[in-house]
Amino acid sequence: MSDIELVNPVPVEEARPWLAAVSTALLGDPYDDDFSRRLARWTSDWIAERTWGARSSGRWVGTLATEPRRITVPGPDGGTGELAVDALTGVTVGVTHRRRGLLTRMITESLTAAKERGDAASILIAAEWPIYGRFGYAPAADDATYTYYSRHSGAAITPSGTGSVRQVDPAELGEHAHRIFAAARARRVGQVDRSELWWRRSLGLGGFERIGKTPNYYLREGSAGPDGVLAWRTTQDFELDGSLGAAEVVELVAANDDAYRDLWALLSGLDVIGKIRLPDRPVDEQVRWLLPDGRALKRTYSGDQTWLRLLDVPAALSARRYSVPGQLVIDVVGDSMGFADGRVLLEADGAAASCTRTEASADLRLSHRALAASYLGGRTLRQLAIGGGVEELRAGALVRADAMFGTGLAPWNATGF
Ligand SMILES: CC(C)(COP(=O)(O)OP(=O)(O)OC[C@H]1O[C@@H](n2cnc3c(N)ncnc32)[C@H](O)[C@@H]1OP(=O)(O)O)[C@@H](O)C(=O)NCCC(=O)NCCS
């Protein structure tokens, strides 16, 4: 253990061996053709100060990085607002150095840096459930995978009649995708932002090379201009014996309901394809309500996706809005790192919300992880209560809290990081 050196910042000149360590630990291959493409992506926005590593005998055996990202939070009138967050990524420890506290050391430093920077919360996508709870993260937004049986008798979707969809090449899509996604993202809580750089990397523009099979790209245009993006690729060919092919949707981004309908209508009309897989989708995919037979869409998987860790409770609770007006005094407890604990008064009234420290007697005692899990409105405190960390100190407070924190649509994040 003594030969291990914890490094921060990690200079960009170390990006190749550092990323090779990430790739190896996350079951990738640092020697395949895609590695140099991934390296070009990583180095395009490398932040040395927000990159950690552990080195042993000159070799990277631990990696961790954080990105400055934004996530949508519940806003006024059922809309959304924005919260700047610390986004954790690239977390690995080499198999030869696991369970010796290296992750603990790196994440303690990175969370302390995020707290000092003033971030109200940190987010991540967990490879495995048991890893991050001990560091204060809780699953706050779920996602789902669907199979859409497009040849099912009740699977047809009629277009809205208010726009058109046409196939485009990546360069043309690149001119519109960023703006369309920004508008679509504002329609859901839990959506992490995508920069223009993100789109250039994804579409293989501006010197970046695409990774994997290039999808077919479509742009939907309504009366106010481009408002929908669809990308799909085939995953199985059709046969002349009548067997139909299969496809997978890579992007389905709609800035309004008509765009959403029209992109699904295009999917419902694909020839020689019978099965369309849609990973990384919301748990409450609304297309079910457009289908003549809702069972043409099957949810094949659903689980935790974005995890959230509160770093500054008054700032995080003041940054969002609440579905109904109300007041709550919450005793936040259980944070071994000491970032989130304390008693706060939450006051919400329509478009206004404030959360301040208080000495008043508490209505609820919540573990900071229970509060993090319910922060985006994706689950009720009453659901979580069975696992502990939810204590009602004044009758009626739990029902009130659930009504205040809840959102109409389930939180969902479509963007990996
Ligand atoms: C997950 C990973 C980074 C943990 O690193 P590590 O240095 O071994 O973690 P630590 O030694 O600091 O572990 C701290 C605690 O978490 C526990 N823990 C760590 N990873 C765990 C896992 N995958 N499942 C269950 N418990 C885990 C350890 O047992 C330890 O518990 P203890 O304090 O009670 O002994 C490492 O195992 C890894 O790289 N795994 C493969 C890649 C991966 O999953 N990365 C995460 C991407 S989101």
Side-chain angles (χ1 to χ4, degrees), residues 1-8 10 14-15 17-32 34-35 38-39 41-42 46-47 50-57 59-69 71 85-114 119 121-143 190 192 279-280 301 303-309 311 334-339 367-369 372-373 387-388 413-417:
M1 198 65 188
S2 54
D3 68 326
I4 296 177
E5 171 199 11
L6 212 62
V7 181
N8 168 255
V10 177
E14 288 293 323
W18 185 93
L19 191 62
V22 174
S23 187
T24 304
L26 288 173
L27 315 184
D29 178 356
Y31 299 100
D32 74 5
D34 281 343
F35 182 74
R38 290 188 206 286
L39 184 64
R41 291 178 177 206
W42 273 85
W46 184 272
I47 306 174
R50 297 184 66 156
T51 307
W52 278 260
R55 211 162 24 191
S56 174
S57 309
R59 196 175 181 92
W60 293 105
V61 295
T63 63
L64 181 151
T66 74
E67 300 174 356
R69 302 301 285 260
I71 191 168
V85 287
D86 173 70
L88 197 62
T89 184
V91 175
T92 68
V93 170
V95 66
T96 50
H97 288 74
R98 283 183 194 156
R99 309 303 180 260
R100 300 188 202 174
L102 280 183
L103 169 60
T104 305
R105 288 170 65 191
M106 292 189 292
I107 204 170
T108 301
E109 286 198 10
S110 84
L111 284 172
T112 303
D119 290 331
S122 178
I123 58 171
L124 58 80
I125 298 172
E128 294 189 81
W129 179 290
I131 303 174
Y132 294 102
R134 74 189 66 233
F135 305 115
Y137 290 84
D142 292 345
D143 73 359
V192 172
D280 310 320
Y301 164 82
D304 57 288
Q305 199 251 15
T306 298
W307 288 53
L308 188 140
R309 201 243 193 260
L311 292 167
D335 186 353
S336 58
M337 297 179 93
F339 297 145
S367 80
H368 70 112
R369 293 192 62 224
N413 169 32
T415 305
F417 54 89

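Computed from heavy atoms alone, side chains included, the values below leave out hydrogens, waters and symmetry copies. Each ligand, and each atom within it, is numbered from 1 in the order the structure gives.
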Exercise. Hey, could you give me the CZ/OG distance between R38 and S23, rounded to the nearest 0.5 Å?
Key: 7.0 Å
Quiz item: Do S122 and R309 meet the criterion of a side-chain donor-acceptor pair at a distance under 3.5 Å?
Solution: no
Quiz item: When rounded to the nearest 0.5 angstrom, what is the spacing between OH in Y31 and OG1 in T24?
Solution: 7.0 Å
Quiz item: For the atom pair OH (Y132) and CD1 (I123), what is the distance rounded to the nearest 0.5 Å?
Solution: 13.0 Å
Quiz item: Roughly how far, to the nearest 0.5 Å, is the CG atom of L26 from the OG1 atom of T63?
Solution: 7.5 Å
Quiz item: For the atom pair CH2 (W18) and OG1 (T92), what is the distance rounded to the nearest 0.5 Å?
Solution: 7.0 Å
Self-check item: Per-ligand residue contacts, ligand 1, heavy-atom threshold under 4.0 Å
Solution: A25, L26, V91, T92, V93, R98, R99, R100, G101, L102, L103, T104, I125, A127, E128, P130, I131, Y132, R134
